[in-house]
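All remarks here apply to the structure that follows.
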Amino acid sequence: PPHAISSINLIVAAVAQINQQRGLKDQTLIAILQEQNENELCSNPMGLDGGPRHVSSNLSIILSQIFVSQLSLGAIPPTQDGEPEPANIIVDASSCSAVDPQNVECLNPESAPTTDEDISFDSNDDEDLEEGAQHFLIEMQNVDTEFLKDLPRLQLAMTQMATQADLTLLSQNCQSHPAGWTCIGLLPDATLSFFTWPATGAMSLDFFTLNESIDTETYLPFVLAVAQEQFAISTRPEESPVSVTWLHKKRGPYEELDNPDGSDVEWYLGSKGFRTKYDIKSLSTPFQGLTITDMPHPATDRPTNKKLYIDGVTQSSLVGLEPYHEALVHPALLAHPNPKRVAIIGGGEGATLREVLKHKTVESCTMVEIDAGLIELAKLHLQEWNDCSDFAYNKDKEGYFSCFDDVRTDLKPIDAVGWFIEKFGADAIVDESEKFDVVIMDALDPSSMVSFSDVLYGSEAFIHALVNSLTDEGIFVAQVGETHYMHDDSNLDKRGKVLKKFANLLESNGAISMKSYNEAHCDFRAPWHYMVIFMGSESKMNWYSDPSLVDVTVAKREIETNSGKHVFDYVDGATTTSYQYPSRIEEIMYCGQIPTPAACKNRRGYDPDTYNVPRSALELSDYGLVAKQDFSEGSYFGIEDAVHSMLIMPHANKMIHNMLQSYPSSKWTGLKNYMKANGFSSDFFGQTSNRVDPNMVTLIQNEESHAGPDNSTGQEPRPIGQAFFSPFADRNYLTIETSVEKLAKNVMAGDKVSHSNFVACHSCV
């Protein structure tokens, strides 16, 4: 190719200088080069498309390597303008007679340097370059096949890309590989190369520069745009546009860190400071490919993270170990009144099992994991995930003791879907004593492209068996992948569609409620999403337990340890309270469905355009409240008072009832009477709650003696969260519980304001 062929003399001289610079005395490479036939440089074999290939020689590859070495040692002297002078391309003219003169510059061999003194290796020529390098990689898919086969067009694209990016292209060297073309372009302090795969429409561009001072925020996007302009060629841009992905990394030596912990942010920015040690262990089982990687700290070499990959996808990590698995296990087990029998689907690394066994109420945990190879790998290399040696009842075990071997573990290395259908399917004779209080699915998420995930979330036979395996107050929980993003379309999103079908199957088989929650500290690219399903109202009510009540339950449940440490790392009342509310994004996704769910049609938030009748606009006369001015239909009424209503949750209602049973003549009777006289009752997710309104409407109702025996206002109890799955209700249940009245008709100044003037407006604030 143009500017890529040099004489043997130049190469030998360069190697001699490099050896001298590095203190090397081995002359083997020089001897090999001297023995090469110089005419090989001008050979002309057939290329991929039947046309000529410009250079086909191991020598050409060696030449490129030598040229890069020259660059790195400052072998190419700068011109007066500061730009490096292109090296003289010297080839014996007599040996090039068969070569197209446009492809090779056949210069006078007498001008070639023949001694060491003719080549300068001044390493101080590029003092402005920092110590280090930057690496920019671009991958393209759906590129035009004919373009990827056409070497002259590819070379021209590289040349034009270099020109547009203000780069000095010194030479190009191209040759074929079994699937396409590969070319390397040499620059004064960088290399630009590409590989093509015409059969699949793919190509990879690689830009490596020693100039670490480049402003990556402005320059790299510019280089990316130029690369797309030159190489992202598509014959059908509307039907099959070119897909472009890219990666930027810093390379080369790295400095010692004053604060080793400060490298965390550099790691995520692609720093050269964080080195990665790969492949502690890789294993291919009959079911999947398993890889475990370790990531030592750059300064201390202490392990900072360890990750498990299944078929190349991150499964779990040491950093996110407790957040992910505690969020999966403990909210469900704490919501159950007394979990004794638990089942796990998947979870082969053993961390989910360990979290379950932290509850002293659990008598047995059946773990159904099809891949025995993953279990054995976890015992050897993921012991942090599944070590139960600190449990007090295992004190006779020395050192590491696997939770897989715990006395409460029932390990079944078989197909979970088949096992559940066989034990609890439509044709099975089910033993009630073998049903589970909690079933945890730690397997594929719904967005997975693996076909088996469609069985987990879409098989009617499996989901029937799953629901049938649960006790009356049973709970099922599953991790379902990354949370949605604000811009996702719930009508097009695969995971949303799968979960909607999943929810319908669960409800049709007898589950009463499904809720969602997120955990943001799992060491994945986004917060992680979980779904929990309830079979009974008591478990569902426990989901909304007060934080202090959860803390009491945690203290009662946690198992004793030999070390005296608490077994729960993050879970407590405050944490579980945060799981009571799905994210705002989940609400948006839910309400974005077509057709729009009925609950979402209620207004969220106070309407500033609607007039509010303040307390000062009314006066109390001998015959009740009287309007001091005109009010129009639809106006809010005393909204500043209504938002301060007192909510008495189902647990508190139960406590009051129990106290009245024990002490019928105590002051608790006064509280009950106050609630009856001034409040509303509500069906709160299947349990009874009460709300007391300290507002003007309550005063009017009491004055009119409108109260009934159990429901002071005479209104029917309002159902809260009756839908099987409604992130809208789950996020806004306190707002829904607050009743804001609006005027049902116009009221004139001097009119008495009576109960008939109002209509309750739930979800108006």
Side-chain angles (χ1 to χ4, degrees), residues 321-340 342 351-352 354-362 365 437-440 471 473-479 512-522 527-561 565-583 646-659 684-690 720-721 727 729-731 733-734 737:
L321 184 60
E322 286 81 10
Y324 169 82
H325 292 96
E326 287 195 4
L328 174 64
V329 173
H330 300 311
L333 265 71
L334 291 171
H336 194 280
N338 187 27
K340 294 182 178 180
V342 179
T352 302
R354 183 187 63 175
E355 297 303 319
V356 170
L357 296 177
K358 290 179 179 180
H359 290 254
K360 64 174 62 175
T361 60
V362 174
C365 183
D437 298 309
V438 179
V439 175
I440 303 166
T471 57
E473 287 294 337
I475 299 175
F476 169 73
V477 64
Q479 68 84 19
I512 68 167
S513 180
M514 182 169 82
K515 301 185 181 298
S516 68
Y517 62 100
N518 297 334
E519 173 54 57
H521 304 90
C522 300
W528 215 245
H529 193 198
Y530 303 86
M531 307 296 295
V532 59
I533 290 86
F534 301 94
M535 297 298 296
S537 61
E538 184 177 0
S539 294
K540 184 170 69 167
M541 181 189 68
N542 289 344
W543 185 257
Y544 293 94
S545 293
D546 183 89
S548 58
L549 181 59
V550 174
D551 287 336
V552 171
T553 305
V554 166
K556 290 180 178 179
R557 291 277 185 88
E558 68 174 336
I559 204 151
E560 292 81 9
T561 62
K565 296 180 180 178
H566 293 291
V567 293
F568 299 114
D569 290 282
Y570 297 100
V571 67
D572 57 14
T575 301
T576 56
T577 300
S578 70
Y579 297 150
Q580 294 176 6
Y581 299 92
S583 69
M646 179 175 67
L647 178 63
I648 302 170
M649 299 290 282
H651 282 105
N653 263 337
K654 282 191 171 184
M655 182 190 70
I656 294 172
H657 175 77
N658 293 336
M659 293 299 292
F684 185 85
F685 296 105
Q687 301 285 326
T688 301
S689 68
N690 286 89
I720 305 299
D730 292 341
R731 271 186 62 83
Y733 68 84
L734 291 176
E737 178 67 8

Of all heavy-atom pairs between [X] and [Y], which one has the smallest distance, and what is that distance?
X	Y	value
V356	C365	CG1-SG, 3.8 Å
A478	L328	C-CD1, 4.1 Å
L357	I559	O-CD1, 3.9 Å
A335	F534	CB-CE2, 4.4 Å
E355	E326	OE1-CG, 3.5 Å
P582	S516	CB-OG, 3.4 Å

Set out, in order, the CA-CA distance, both residues' side-chain angles and the distance that settles side chain to side chain donor-acceptor pair (under 3.5 Å) for T361 and N338, then state yes or no. CA-CA 7 Å; T361 60; N338 187 27; 4.5 Å; no
Do [X] side-chain atoms and [Y] backbone N/O form a donor-acceptor pair below 3.5 Å?
X	Y	value
T561	K565	yes
K358	V567	yes
Y517	A327	yes
S578	T575	yes
H325	L321	yes
T553	L549	yes

Take Y579 and W543, measure what side-chain contact (heavy atoms from CB on, under 4.5 Å) needs, and give me the verdict at the end. CA-CA 9 Å; Y579 297 150; W543 185 257; 4.2 Å; yes
Which value, rounded to the nearest 0.5 Å, describes the distance between [X] atom [atom1] and [Y] atom [atom2]?
X	Y	atom1	atom2	answer
K556	D551	NZ	CG	12.5 Å
M535	F476	CE	CZ	12.0 Å
D437	T471	CG	OG1	4.0 Å

CA sep, side-chain torsions, deciding dist, call: V342, I440, side-chain contact (heavy atoms from CB on, under 4.5 Å): CA-CA 8 Å; V342 179; I440 303 166; 4.1 Å; yes
Applying ring pair (Phe, Tyr, Trp, His ring centres under 6.0 Å), name anything that partners H330, two or more places apart in sequence or on another chain. H359, F568
List in chain and number order the residues that pass ring pair (Phe, Tyr, Trp, His ring centres under 6.0 Å) with H336, two or more places apart in sequence or in another chain; answer none if no residue qualifies.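 Residues passing ring pair (Phe, Tyr, Trp, His ring centres under 6.0 Å) with H336: none at all.
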Will you find, in the side chains of K515 and Y544, an N or O donor that is under 3.5 Å from an N or O acceptor?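 Their side chains do contain a donor-acceptor pair, which is all the 3.5 Å distance test asks for.
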Between the side chains of Q479 and W528, does any donor sit under 3.5 Å from an acceptor? yes
Is there side-chain contact between [X] and [Y], with at least one heavy-atom pair below 4.5 Å?
X	Y	result
V554	D572	no
P337	N542	yes
V571	T576	yes
L334	R557	yes
T577	Q580	yes

Candidate pair Y530 and E519, rule side-chain contact (heavy atoms from CB on, under 4.5 Å), full reasoning: CA-CA 8 Å; Y530 303 86; E519 173 54 57; 3.9 Å; yes
Under-4.0 Å salt bridge between E473 and K540: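 Answer for the salt bridge query: no.
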